[in-house]
2 protein chains.
Amino acid sequence: MNDRHEGAAGRPAPPKRERADARRNREALLEAAAAVFVRSGVEAPVRDIAAEAGIGVGTIYRHFPKRADLVIAVFRHQVEACAEAGPALLAAGPTPYAALGRWIDLFADFLVTKHGLAAALRSDSTGFEALHDYFLDRLVPVCTELLDAAADSGEIRSDVRALELMRGVGNLCVGADDPRYDARRMVELLIAGLSRPR
Amino acid sequence: MNDRHEGAAGRPAPPKRERADARRNREALLEAAAAVFVRSGVEAPVRDIAAEAGIGVGTIYRHFPKRADLVIAVFRHQVEACAEAGPALLAAGPTPYAALGRWIDLFADFLVTKHGLAAALRSDSTGFEALHDYFLDRLVPVCTELLDAAADSGEIRSDVRALELMRGVGNLCVGADDPRYDARRMVELLIAGLSRPR
DNA sequence: GACGATACGGAACAGCGTTCCGTTTTGGCA
DNA sequence: TGCCAAAACGGAACGCTGTTCCGTATCGTC
């Protein structure tokens, strides 16, 4: 993907250096958003983020047309890291199933430690679909690779697809703030249920 | 529980016959809500329900102080049926684990067939906590009984509690409308993962 | 230094759950 | 039967969202 907003191919696409204030605000915004997400969760009001960054809400929407785009930008690095860990784990692990389990743990940890992220991912109401889609687009191929390898090795059943497994894990991580609900253990159960019945 | 709103013990508690219009509106409201929930999901706007019933929103809140109370009232019968099925299945099933599996299927079916119910159950934002609590209060004891029986029989691991299992199943049922996500299969996996590693 | 392009800020809009209160309906009692 | 206080009604209004709009301020170039 291109970091610029334009994507039309062929045209010269005049670079038009980014204005200094725009860049400054965008960076302050990302920093502020990250801080607010930690403090108040991913569903924090846009106005709170604007206040934290010392800018107006209009400026937020200039840089990130939808709220979800801001969330994506804040977590992009961590999603990338998770995606890149997949092949590495597959190469390192004793078996594909073990690698899959470790990768899922990584993914679940990511969701559990970001207050409200899992809930936002399956949010039907506000425009969080883009967030959901981004996660899936980026991570489903990775998960598919692990899943296929584990299926080929005969360790797990082969009728489960990456998309539903990831959605399942994502769903299980909702509400992990409640000390009475151990999301990680539920994920562990789900992955255990994946193993071929003997 | 008492069907009347009053619960203070000892006092004569004057019965005060319910006014005819109040009763009529309450029944129209429940019917309308059920229809709207089927058509638009559980998260349908209160105003839509009021319009369907031909009454004002104020009247809704007179009968059901919180939105969740209305949802509870609409689904109360089905929750009761599910709760009562627990002991029956335990008595009927070949093993406690089989009974547990069937009961969880019942519960999952209930959630999956009510458009958006599962999502509402874990909703942190609006006042749906009462809904969540009602489900848990009524069903966790039933689930505990099944879970304990299956653990005692040695069929399943004994470190999983009813509350987290039910939350897990509830979470897995979110988003079951999407044809690419088979919530029932994920629940099946979770329950399979419960069985004692051999 | 001037000026056009760009970006900013926050008031304004739409949609939500919920509350409030002036108006209407009801049913026991004279 | 007619009266009238108590009960219930309806929907405007409130406070909270995300998002849009546009007059104003800033930037960078000439």
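In what follows, every chain begins at residue 1, and chains take the letters A, B, ... in the order their sequences are listed. No hydrogens, no waters, no symmetry mates; every other heavy atom, side chains included, goes into these values. Please read these numbers as outputs of a predicted model, since none were measured by experiment.
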Would you mind checking if E27(A) and R23(A) are paired as a salt bridge, meaning a charged N to carboxylate O distance below 4.0 Å? yes
Picking from dT29(D), dA8(D), dG11(D), the nucleotide nearest the side-chain atoms of R17(A) would be dT29(D)
Is it true that a side-chain atom of R185(A) and a backbone atom of D159(B) form a donor plus acceptor pair closer than 3.5 Å? yes
Within this structure, what is the CZ-to-P distance between R67(B) and dG17(C), rounded to whole angstrom? 5 Å
Starting at atom CD1 of I49(B), determine the distance to atom C1' of dC16(C), rounded to an integer number of angstrom. 12 Å
Looking at every strand, decide which applies to A20(B) at a 4.0 Å heavy-atom threshold: base, sugar-phosphate, or nothing. sugar-phosphate
Just how far, in rounded Å, is P of dT6(C) from CG of N25(A)? 17 Å
Considering just the side-chain nitrogens and oxygens of Y61(A), establish if one lies under 4.0 Å of OP1 or OP2 belonging to dT19(D). yes
Using a heavy-atom cut-off of 4.0 Å across all strands, would you classify A44(A) as base, sugar-phosphate, or nothing? sugar-phosphate
Could you state the CD1-C1' distance from I55(A) to dT26(D), rounded to the nearest angstrom? 15 Å
Atom-pair distance (CZ on R23(A); P on dC27(D)), nearest Å: 16 Å
Side chain of R19(B) - closest among dG9(C), dA5(C), dT25(C): dT25(C)
dA7(C), OP1 or OP2 - any side-chain N/O from H63(A) closer than 4.0 Å? no
What is the separation between atom CG on L70(B) and atom P on dG17(C), rounded to the nearest whole Å? 11 Å
When the nearest nucleotide of DNA chain C is assigned to P45(B) and to P65(B) on a heavy-atom basis, which residue is associated with the more 5' position? P45(B)
Side-chain H-bond candidate by donor/acceptor type, H132(B) with R167(B), under 3.5 Å: yes
Start with the C-alpha distance between V160(A) and L194(A), add both sets of side-chain angles, then the distance that settles side-chain contact (heavy atoms from CB on, under 4.5 Å), and finish with yes or no. CA-CA 8 Å; V160(A) 173; L194(A) 214 49; 3.9 Å; yes
Provide, to the nearest angstrom, the distance between the CG atom belonging to D48(B) and the C1' atom belonging to dG11(D). 15 Å
Does the dG18(D) base have a donor-acceptor partner in the side chain of R47(A) within less than 3.5 Å? yes
Nucleotide of dC16(C), dT25(C), dT20(D) approaching K66(A) most closely (side-chain heavy atoms): dT20(D)
Distance test, side-chain N/O of R24(B) to OP1/OP2 of dT25(C), below 4.0 Å: no
Taking only N and O in the side chain of T59(A), is any of them less than 4.0 Å away from OP1 or OP2 of dG9(C)? yes
Figure out the CD1/C1' separation between I60(B) and dT19(C), and round it to whole Å. 14 Å
Quick check for you: among dC8(C), dT18(C), dT26(C), whose closest atom lies nearest to any side-chain atom of V46(B)? dT18(C)
Taking the six-membered ring of Y97(B), is the NZ or CZ of R196(B) close enough (under 6.0 Å from the centre) and on axis enough (within 45°)? no
